[in-house]
Amino acid sequence: MSTILAIESSCDETGVAIVRDGNLLCNIVSTQIEVHQKYGGVMPEIASRLHAENIGVCLKEALQKSGVKLEEVDAFAVTRGPGLIGALHVGLQAAKTLAMLYQKPLIPVHHLAAHIYANEYVAPMVFPLLAVVVSGGNSELVIMRDHLNFEIIGETKDDAVGECYDKVARVLGLPYPGGIPIDRLAATAKPIYSLPNPLHNGNTYDLSYSGLKTHIINLVNMAKMKGESIDVPGMCASFQKVAIGQIIDKSVRAARAYQVKQVVLAGGVSANSYLRSQLPEELKADNIPVIRPPMWCCTDQAAMIAKLAERLYAENIFAPLTLGVDPNWPIDHFRDF
Ligand code: KG4
């Protein structure tokens, strides 16, 4: 039985959530998207400053909404990585201060593992499972044979899929973050452009996005130079088919090869409509269910940090107050800090 307060600040959302005995009491999120939209991407320095401004407000709101007093909290959990270094520091300093002040354990939480555990708000995990972790900063296929057991079987060799969505959106004149407008436009058109599909041959579960991104940037620039126009919805449909198709192909192959009992989607790109509809369809004949996080769990928030923190708390996975952040913390090293 426990009450855990969790903090998230790895990118452009400040979040504070409180869970008590498995029940989510509050999940406060303050998003900075509108500020970063002006720049077409997240500005790390601005993100850190806004986290510093917002963290106290989110904390106060979380306590008010839940009715929990800080003295009643049994442990303070925080995203330690991966993420933007300055942004992570804000959340970590807040959590450390609270842990020190109230003499309670500090729980270091891996952001991507938390995205995977967000699925526990939908269904219990059944092992072995394949986690398809697709976000703005990371893209990897992870096999879990048990709780807190992560094996990366494939990962991007260059850009993350979400980052590629954002860059392609920018060159097509669509707003940041690019995933949502591309996904919407793709649904209105047919794929008409022939685009490179990297790493689609062979046995690798690795992914690659930089070749696809560069190809589209070159196509758009060439069209501009020649005074020709690009069919934006058609390009979105073509891009989405290849970008998400790559994830679907590898996930289906991995799910079969590792004889998993469940596939879970995780990360910002798990909001993608094509991925959410097509992957379950492809695995139907294999009787492998695909668990999709609720839309509010696809974006960054602290409810998922709290969900994983409960499990870490039960295993006494606590960090000393000398803890630092790790912007590149690998998921299979989540116990190393
Ligand atoms: O997990 P997240 O917040 O990023 C990291 O913390 O890394 O995911 C954000 C990413 C952005 O790149 C955004 O464009 C993408 O998720 N995204 C989508 C969709 N919604 C958000 N990508 C494809 N389709 C979507 N519907």
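Since we're looking at a predicted model, the values are computed, not measured. Counting convention: from 1, in listed order, for ligands and their atoms alike.
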Could an N or O of ligand 1 be found under 3.5 Å from any N or O of [X], whether backbone or side chain?
X: Gly179; value: yes
X: Asn272; value: yes
X: Cys11; value: no
X: Asp300; value: yes
X: Ser135; value: yes

* To do: Could you check if a side-chain atom of Tyr165 sits within less than 4.5 angstrom of a side-chain atom of Ile244, using non-hydrogen atoms only?
  => yes
* Asked: Got Lys307 and Tyr117 here, is their nearest side-chain heavy-atom distance under 4.5 Å?
  -> yes
Say you draw a straight line from [atom1] of [X] to [atom2] of [Y]; how long is it, rounded to the nearest 0.5 Å?
X: Ile107; Y: Ile7; atom1: CD1; atom2: CD1; result: 11.5 Å
X: Tyr176; Y: Asp166; atom1: OH; atom2: CG; result: 5.5 Å
X: His333; Y: Phe150; atom1: NE2; atom2: CZ; result: 13.0 Å

So which protein heavy atom does [atom] come closest to, and at what separation?
atom: atom 26 (N) of ligand 1; value: Asp183 OD2, 3.0 Å
atom: atom 4 (O) of ligand 1; value: Gly136 N, 3.2 Å
atom: atom 1 (O) of ligand 1; value: Gly268 N, 2.9 Å
atom: atom 15 (C) of ligand 1; value: Val269 CG2, 3.9 Å
atom: atom 7 (O) of ligand 1; value: Gly137 N, 2.9 Å

* To do: Using atom types as modelled and distance alone, determine if a side-chain donor or acceptor of His111 lies under 3.5 Å from a backbone N or O of Pro82.
  => no
* ligand 1 contact by His115, heavy-atom criterion under 4.0 angstrom -> yes
* Asked: Relative to ligand 1, is Asp166 under 4.0 angstrom through side chain, backbone, both or neither, heavy atoms considered?
  -> side chain
* To do: Using a cut-off of 6.0 Å, state whether more than 12 heavy atoms not belonging to Glu71 lie near its atom CD.
  => yes
* For atom NZ of Lys96, is the number of surrounding heavy atoms from other residues, nucleotides or ligands below 6.0 Å larger than 12? -> yes
